[in-house]
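Written below as structure tokens is the structure these notes are about.
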Amino acid sequence: MNFKVVLLTLVLATFAISCTKVVEEVNVYSGRHYASDEALFAQFTEETGIKVNLIKADSDQLLGRLEIEGEKSPADLFITPDVSRLSRASSLGLLARLPENDWLMNVPPMYRDRNGFWTGLTMRARVIVYAPERIDSSLISTYEALAGDKLKGRLIMRSIQSQYNQSLLASLIVHEGESAAGDWISGVVSNFAREPQGNDRDQMKAIASGIADVSVVNTYYLGQMLHSANEEERRVAASLSLLFPNQHDRGTHVNASGAGVLRNAPNSKNALRLLEFLLSKSSQEYLSNSNFEYPVNPDAQMAELLRQWGVFREDTIDLNQLNARLDQALMIARSGGWK
Ligand code: FE2
């Protein structure tokens, strides 16, 4: 073989390789908008060579998009800040059943879909926050107490449009019944210091500025504000106290963010690899340390701040049961005047 032939052969071989080389990728639709998630995606790419293409939007917008795209959707993994939206995706037939791998079965059953279509990724407690110098904690030791007479004009809540509040109300319906939940809403609404507005952080800012004395928020928002780069946020968070409600009965309501693989996922194998990676001990500890969420992998250690807040009794009701009550919760809340 002369030199020219060798060269040509080499060029052709290289061309053939580059033509057959497929870029491994995974397309993620996510309603979780945290820097921690993107850092984990980058680490996943570094470890596996699989590129993560991320589309971020509100969970309901992403659900709408998935429905419109139908079978042609490029989405592989759907991540939401509340598993209620995964439950909806599942009932719309959008999700594939997950394999019963060890890494999935390691997640406690209460944080997983009982039909196997989604799993929780992180857990959060929906706690009471209050201004300790203005209100005695014995007045607010349960969610039920928030509807009491002594809190007239002292309570604020974000809108019932919030998935977190819908889940909380669904837990009241399951535990106490529809009529008691209706009475609770009347009491809570009559205690409002202002119309529901803003997000969880805004409720804490309003308490710090004296608009109200007490509200309900997810734990990680308090953790993030305590560690915020913004001095004002740190001041607000430090001025508040946290209380885990219902410690002497059913426990504090918890919610979970989660993920599911799409039924028509073009890269379902990669989606499963990413899901396994996100549920690994190290990813779970990273999420807890950077975002102040509770791990759903029992082998992972929670962040120091969460350990300081202490062990609490959690309401162990199956999240599947709550998801089935969300529409009912929304209806009761609206008819009771909680917008
Ligand atoms: Fe959130």
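Every number for a ligand or one of its atoms is a count from 1 in the order of the listing. Note that the structure is a prediction, hence the values are computed from the model and not measured.
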What are the two closest heavy atoms between Leu243 and Ser141, and how far apart are they? CD2-CA, 4.0 Å
Are there any protein N/O/S atoms under 2.8 Å from the Fe ion (ligand 1), and if so, which? Tyr164 OH, Tyr220 OH, Tyr221 OH
Main chain of Ser73, side chain of Asn264: is a donor-acceptor contact present, judged purely on distance under 3.5 Å? no
Set of residues satisfying side chain to side chain contact (heavy atoms under 4.5 Å, CB included) with respect to Ser228, sequence neighbours excluded: Asn230, Glu233, Arg234
Taking atom NZ of Lys152 as the centre, does the number of heavy atoms from other residues, nucleotides or ligands within less than 6.0 Å exceed 12? yes
Between Ala256 and Leu319, what is the shortest heavy-atom contact and its length? CB-CD1, 3.7 Å
Pairing of Glu24 and Arg273 as salt bridge, 4.0 angstrom limit: no
